[in-house]
Amino acid sequence: LNQNGHVAEGATCNIFMVRNGKLITPPPSDNILEGLTRASIMDLARRELHMEVLERSIDRSELYVCDELFLTGTAVEVAPITMVDHRQVGLGQVGFLTGKLRELYFQATRGRIADYQAWLHPVYQPVMDVMGREVKDEADGYDLHLITYSEVTQTKSRTVSNYWLNEVQPSNEILMNSQDATRLGI
C-alpha cells in the first residue's frame, strides 16, 4: 500500500486487476515504477484483446472482489494471483484474461508475433545443424543459440555477466535456448 492506503505494486512488480472486463492498474501518481513489462501488457490488452485499460487508484478491498489479479515484471513476466489475505480471487485459479495476456506476452517477447518485432533486439546467432537447419532445444522447443564471451561481457546485467563469465571463457561458446537468453537480457 502507498502512503494514501491504495494498492501500489508488489516487490519489483506492477499489479493489474481485471474487474467487469476492464484491466485496471495504479497510475504513476500512486508512486509506482513505470515498468516496461507493465507498458507491454497494457499495449497487448488494448491492441490484441481490445480491452479498456484504466490507470486509477485501487483500494485494498477491491482485491477481494475483483475477477482476476496478476503481477508483471521483468523477472515474473505475468504472474497470476489466486489468493489475497487467504481469500480466493475470482474462481481461485488463473483467470482467462490473465492467461491470454501471459501467452500473448510470451509470444511477443519471443518474436512470434510480427507486430511486436520492434520490442526485440537479438544479439545472438542461431545454432545450425550440418544441413543448415536451425536446431531446437528438445526439452522445451525453443530455438538454441550460441552465446559468446563477448556477448556475455556486453550484457547490461552485472549479475548475468558475473555468473556467465565463470562459465564462458574468451576461447569458447555455450549453448543457451532463446527463452533463457531473453530472460538474462543477452
Side-chain angles (χ1 to χ4, degrees), residues 9-18 21-56 68-80 94-128 132-137 139-161 163-164 168 173-186:
E9 58 190 1
T12 72
C13 303
N14 295 108
I15 192 163
F16 284 87
M17 172 178 76
V18 177
K22 296 176 182 157
L23 188 63
I24 304 164
T25 190
S29 60
D30 274 359
N31 291 328
I32 66 158
L33 176 65
E34 294 183 70
L36 291 174
T37 308
R38 175 183 181 268
S40 300
I41 292 298
M42 292 168 67
D43 191 26
L44 288 167
R46 287 181 179 121
R47 291 175 57 191
E48 300 298 323
L49 301 180
H50 309 288
M51 291 182 73
E52 183 177 353
V53 178
L54 303 174
E55 291 181 89
R56 69 161 176 81
E68 300 179 34
L69 195 61
F70 61 92
L71 297 171
T72 64
T74 302
V76 300
E77 295 180 345
V78 177
V94 177
F96 176 78
L97 294 170
T98 301
K100 286 293 285 181
L101 285 167
R102 182 168 56 178
E103 180 61 25
L104 282 167
Y105 181 78
F106 182 87
Q107 296 296 325
T109 58
R110 280 139 186 98
R112 297 184 182 130
I113 303 176
D115 289 346
Y116 302 97
Q117 291 289 321
W119 290 4
L120 308 175
H121 301 283
V123 293
Y124 39 79
Q125 295 291 325
V127 176
M128 301 297 188
R133 296 175 300 218
E134 195 166 339
V135 177
K136 302 284 184 181
D137 182 343
D140 59 19
Y142 296 107
D143 303 338
L144 287 175
H145 297 275
L146 287 175
I147 306 300
T148 65
Y149 182 81
S150 63
E151 289 168 333
V152 172
T153 58
Q154 290 172 21
T155 183
K156 292 180 172 61
S157 170
R158 194 171 326 184
T159 304
V160 172
S161 295
Y163 174 79
W164 286 103
V168 183
E173 302 170 321
I174 60 168
L175 285 175
M176 179 183 294
N177 71 40
S178 56
Q179 180 185 26
D180 291 338
T182 301
R183 279 194 179 137
L184 296 174
I186 296 175

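As the structure is a computational prediction, the values presented were derived from the model and not from experiment.
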Thr74 vs Leu36 side-chain heavy atoms within contact, under 4.5 Å: no
Glu68 side chain vs Leu97 backbone, donor-acceptor pair below 3.5 Å: yes
side-chain hydrogen bond (donor to acceptor under 3.5 Å, both in side chains) involving Glu9 - partner list, sequence neighbours excluded: none
Residue pair Val78 / Ile41, side-chain heavy-atom distance below 4.5 Å: yes
Leu49 side chain near Leu23 side chain, heavy-atom distance below 4.5 Å: no
Test item: Glu77 and Thr37 side chains (from C-beta on) under 4.5 Å apart, heavy atoms: no
Straight-line distance of Leu104 CG to Arg112 CZ, nearest 0.5 Å: 13.0 Å
Closest non-hydrogen atom pair, Val76 against Cys13: CG2-SG, 3.8 Å
Which atom of Gly111 lies closest to which atom of Gln117, heavy atoms considered: O-NE2, 2.8 Å
Separation of Trp119 CH2 from Asp43 CG (nearest 0.5 Å): 5.5 Å
For Arg38 against Leu33, the heavy-atom pair lying closest together: CD-O, 4.3 Å
Taking every non-hydrogen atom, the tightest pair across Ala108 and Ile113: N-CD1, 3.9 Å
Plane angle bin for Phe16 and Phe70 - parallel if under 30°, tilted between 30 and 60°, otherwise perpendicular: parallel
Residue pair Pro26 / Ile15: nearest heavy atoms and the distance that separates them: CD-O, 3.5 Å
Flag side-chain contact, heavy atom, 4.5 Å: Thr72 against Tyr105: no
Heavy-atom check, side chain of Pro28 versus side chain of Glu55, under 4.5 Å: yes
Distance in Å, Glu103 CD paired with Leu44 CG, rounded so as to fall on 0.5 Å steps: 11.0 Å
